Peer 1: 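Can you keep this structure in mind? I'll have questions shortly.
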Amino acid sequence: MGDVISTNLDEGKREMITARTSAVMAEFGRFYEQQYAVALFNSVRFEIEGGGSIQTQLLHRKDPLKNKSIFSGGLFQYLEESKKWRSRFLYVGDSYNISLYESKAAHDRGLHSKGVINCAGYRALTSMEEYLGLLNNSLSDAKAKVASAPFLKCPTQFPIILWHPYARHHYFCVMTEKEQTKWHAVFQDCVRHTNNGLSEECKVSTPAFTDALRLYRQSKGHYGTWDLMCGDQAQILANLVMETLHPELRNLIVPRLKGKLQQRQKDWMLISDAIYRQVLSQTRTQHKALVQICEVERPRLDAALRTDMDQIITSKEHVSGKIRALVSPRVEQLVRSKVQPYIHSILEALMEPTSRGFSEVRDILFRELVEVSKNSMNDSSKEKLGEHMDKISMLAFHPVKMQSCYEKMETLNLEGLQQRCDVSSPSVFIQRAQILMRQQMDDAVHTFEQLVHQSLDGHSGEDLCKIIQRCQDRVLKKFDYDSSTVRKKFFREALLQIIIPYMLKQLSPSCSTDLPKFQELIFEDFSRFILVENIFEEVVLQSVSKDIMMAVKEAAVQRRHNLYRDSMVLTNSDLNLHLLGENTIDWADHFGGVKGEKQGGEAANRKRKQIVSMIHLDGMPLPYESCQEVPGVDGIPEETEGQMEQDRATEKPLNPVEHVPIKKEPGSPDSINDIRDLINPVLEVVIPAEKDSSQLTNGMFPLEKGDEVKNIISVMETVPKVDGELNTMRSEQTSEEQQCVSAIESAIQQIEIAIQEDPGDHLSEGAIDSDGEFAQTSTNSSPHHHDDSGFQSPANENVEEVEPQPLTGDEVVDAEQVMLTLVEGVKTPSVDFDVKAPCDASEKKAEIETTADRCLL
């Protein structure tokens, strides 16, 4: 990169650039010194005489972005040095300059940024086709096709490009369309704000600069609007120098560049950026020196003005009368024939998109205020109100929410006027209207905040909703009035910016030769404050201002586009208006909406509250936290290269693939038994027979004479799972399991039959130990009934049907063959029999509570 710049920008060309910049600055400096004295005269005269102006209904705050940041987040940036895409953390502060950091952690730690982008003069693009169209204008010898591949390959489908006619281009990309839309709105807001770089609060230096710049360009034959009057004074002057220097150097350097078209475009952009940076550095230094010279002279000029103000005004009026008598016939003829027929059509073209944009501002404001009112109905606490008011406070500076308003103005079309009135493009009027929309929104929100804050004193929470509604109605009425006033002023200024340059261009050839003789009528002491060229322009402006005012007034009388007639509003028309402040209300501080202590210094700047919320994407890697590398240009194949690689891949034989055993993943069970085992794992435990245990008969303990079964109690116990011995126990007890289960089921069936026939006689024959714990089954758990609910033991499925046999005392079951099956996670019911002394015959009937749904075998 350095070789390309040093080779084509040798010492001789750099000296030429310096000399050309100095020449332009010297000529501009003469105009600036003259206009500085005239601007000082107008400022002092206005201060002495005063002037009536329409007072706005809405309040205006001085520093709305104090301790605020616009936006911050991560995206990918293309680095020219390494030809790689890398992740960057971007921070947009209250100055609207874009600071680039290696990561969010680097920004939070207060490290130096990797670079700062001032967006003045840039354009934010979202498509490579549009970028190629602008890039083709940089080279005059060849044009690239729109479909041809540029020198840059974007790794995603969502690029964001900052394009400048002279300075370096910046390439970014994001992962989603939502991110692209939000970042594009933020970048456009940065461009819009930085283009409006001249402060209107400077009543002397700003008018002096704009008039000097206009007169300089008129001396070169340029009378119309200028798209590159954007940025601060040094940036505007650099654009002024590059307007003539850039084409000359392009014709000298571009034919000597070698390589393909894309490479030449890339090299020329680097060279152009180096030229622009050199010119900008020089204009900044020389403009600063020029302003210092004028500021040194200001006290002496101010003293002379205040001493001889009356005489200076009288002399100027005398000269103005002479010039008006000379040029009035020519001016009136020009106005009647070539200006009046077009005033209404130009005004209509301006009113349509502008009024729709301001109407959208009102709609957004109304929706946000209604949202605050609804939230106050749900929660009328002041803490909650503070949170909502803190969110709405920066509504005007939210580029995403305001984007719909700005887009309405983008439809402005002045086709047909660009050649007739020397209007290069409508971008000057579009950006000016968008700035006014943002200002109106901020004034309305600020007035609403002040009214709510003032009304909250002495009111309870029950009246909160009514207070907000009343303040909302007042603000909307004030907004409608101020919106009409601001739009009418914008229409008048826009018509003057379009018509006056055209008239001056038509009148200058015939009138410029007669103007120097009027300079002799001005005293030498007053010659610095009275200039013939300025008086001539004032005469032309006054001659057409009447027609412009009538056209705007007619539109207001007809109530077209919701315009109102002018009316003077005194300060006391709203008794509470002058009591409200100009500073931003800190709702978090008043109502405790935000937790945390205040921090000062650099840490406070890094902790500023952000207006636009960040985008959080699910599943994203770490591009927003680290300097993650993205494939560069070399890693992204061309379309032809990718096709050739695919062709070669199809021609090559496939290599045999070695089969590697793959571990089988667990699948779904195939049988109902497997499903039951998954739901309730079965644990089989063998209960050994004790030496002192009683003899069992068919799995039951004998009852003593006179004892009877009084009650059966089910006790649920949870048995923990034993994984190690499960398979071993099942393999050892396969043959004994069926015998044990058959015996137990047969015994239970006999008990049920005995209960149905004669509970007392049959139960007395069986013997069951009160301490034994067996899983009692219901009638549905017999082998004749299979429960498919998932809780049945698999042991029942393979049991052969056994016919019930009468129970006798001779049939004895070995205790070692009895096996109890327990299921993990399910409490096993234990059978507890109350053994009591014999009682009356009425009490001999056994009361048995069966729990068929819980017992498992």
Side-chain angles (χ1 to χ4, degrees), residues 25-53 198 200-219 223 233 287 289-331 496 500-501 503-504 507-545:
M25 289 298 299
E27 188 174 358
F28 171 81
R30 291 192 292 270
F31 285 103
Y32 183 80
E33 291 178 357
Q34 295 173 359
Q35 296 303 315
Y36 187 88
V38 176
L40 182 60
F41 163 72
N42 294 331
S43 176
V44 175
R45 181 180 180 181
F46 182 82
E47 178 186 344
I48 295 175
E49 295 180 351
S53 61
L198 300 180
E200 297 180 358
E201 296 180 358
C202 302
K203 303 300 183 181
V204 178
S205 59
T206 297
F209 182 85
T210 55
D211 291 341
L213 184 66
R214 177 175 49 81
L215 292 173
Y216 174 85
R217 298 191 76 248
Q218 289 180 3
S219 66
Y223 285 86
Q233 288 85 344
H287 174 263
L290 180 63
V291 172
Q292 289 179 352
I293 293 174
C294 295
E295 289 295 334
V296 170
E297 291 290 325
R298 180 169 179 169
R300 185 179 63 83
L301 296 176
D302 187 86
L305 282 172
R306 297 182 183 278
T307 302
D308 303 326
M309 178 60 70
D310 294 338
Q311 299 179 12
I312 296 173
I313 294 175
T314 302
S315 178
K316 180 181 179 181
E317 292 178 352
H318 175 70
V319 176
S320 298
K322 296 290 185 180
I323 296 177
R324 184 178 296 105
L326 175 65
V327 302
S328 288
R330 307 175 192 177
V331 172
L496 290 175
I500 294 300
M503 296 183 63
L504 292 176
L507 296 172
S508 292
S510 59
C511 298
S512 58
T513 56
D514 299 332
L515 293 179
K517 64 181 182 181
F518 294 101
Q519 192 69 33
E520 301 174 357
L521 302 177
I522 303 173
F523 292 105
E524 185 178 357
D525 295 341
F526 307 153
S527 59
R528 295 200 60 180
F529 309 113
I530 305 174
L531 297 179
V532 177
E533 292 81 3
N534 292 73
I535 295 176
F536 171 69
E537 291 186 358
E538 289 177 4
V539 171
V540 175
L541 186 148
Q542 292 171 3
S543 63
V544 75
S545 293

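What you see is a predicted model; the values in this text were computed from it and never measured. By convention here, the first residue in the shown sequence is residue 1.
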Peer 1: Which atom pairs, one a donor and one an acceptor, fall under 3.5 Å between side chains of residues 304-314 and the rest of the protein, sequence neighbours left out?
Peer 2:
from, atom 1, to, atom 2, distance (Å)
R306, NE, D302, OD2, 2.9
R306, NH2, E47, OE1, 3.2
T307, OG1, A303, O, 2.8
T314, OG1, D310, O, 2.9

Peer 1: What distance do E297 atom CD and L40 atom CG have between them, rounded to the nearest 0.5 Å?
Peer 2: 11.5 Å

Peer 1: Kindly give the heavy-atom pair with the smallest separation between D211 and R214, and that separation in Å.
Peer 2: OD1-NH2, 3.1 Å

Peer 1: Working to the nearest 0.5 angstrom, can you tell me the gap between S527 OG and L521 CG?
Peer 2: 13.0 Å

Peer 1: Looking only at heavy atoms, what is the nearest atom pair of R528 and A37, with distance?
Peer 2: O-CB, 3.3 Å

Peer 1: What distance do R217 atom CZ and F31 atom CZ have between them, rounded to the nearest 0.5 Å?
Peer 2: 12.5 Å

Peer 1: To the closest 0.5 Å, what do you measure between CG (L504) and CG (L541)?
Peer 2: 9.0 Å

Peer 1: Check whether any side-chain N or O of S43 sits under 3.5 Å from a backbone N or O of A39 as a donor-acceptor pair, and report yes or no.
Peer 2: no

Peer 1: Do P516 and V532 come within less than 4.5 Å of each other through their side chains, counting heavy atoms only?
Peer 2: no

Peer 1: Would you say the side chain of M503 lies within less than 4.5 Å of the side chain of Y223, judging by non-hydrogen atoms?
Peer 2: no

Peer 1: Aromatic rings F526 and F523: how do their planes relate, parallel, tilted or perpendicular, breaks at 30° and 60°?
Peer 2: perpendicular

Peer 1: Do you know the tightest heavy-atom contact between M25 and H287?
Peer 2: CE-N, 3.8 Å

Peer 1: Side-chain contact, heavy-atom cut-off 4.5 Å: C202 with F209?
Peer 2: no

Peer 1: Is any side-chain heavy atom of L531 less than 4.5 Å from a side-chain heavy atom of Q35?
Peer 2: yes

Peer 1: Do the side chains of T210 and L198 get nearer than 4.5 Å, heavy atoms only?
Peer 2: yes

Peer 1: How long is the span from the CD1 atom in I530 to the CD1 atom in I522, to the nearest 0.5 Å?
Peer 2: 5.0 Å

Peer 1: What's the spacing between I535 CD1 and F518 CZ if we round to 0.5 Å?
Peer 2: 10.0 Å

Peer 1: Do R298 and V204 touch side chain to side chain, with heavy atoms closer than 4.5 Å?
Peer 2: yes

Peer 1: Would you call I500 and E537 a side-chain contact if the rule is heavy atoms closer than 4.5 Å?
Peer 2: no

Peer 1: How about Q218 and E533: do any of their side-chain heavy atoms sit closer than 4.5 Å?
Peer 2: no

Peer 1: Holding to salt bridge (Lys or Arg N to Asp or Glu O under 4.0 Å), I want the full list of residues that pass it with R324, two or more places apart in sequence or in another chain.
Peer 2: none

Peer 1: Give the ring-plane orientation class for F529 versus F41, where under 30° counts as parallel, over 60° as perpendicular and anything between as tilted.
Peer 2: tilted

Peer 1: Apply side chain to side chain contact (heavy atoms under 4.5 Å, CB included) to V291 and Y36, showing your working.
Peer 2: CA-CA 9 Å; V291 172; Y36 187 88; over 6 Å; no

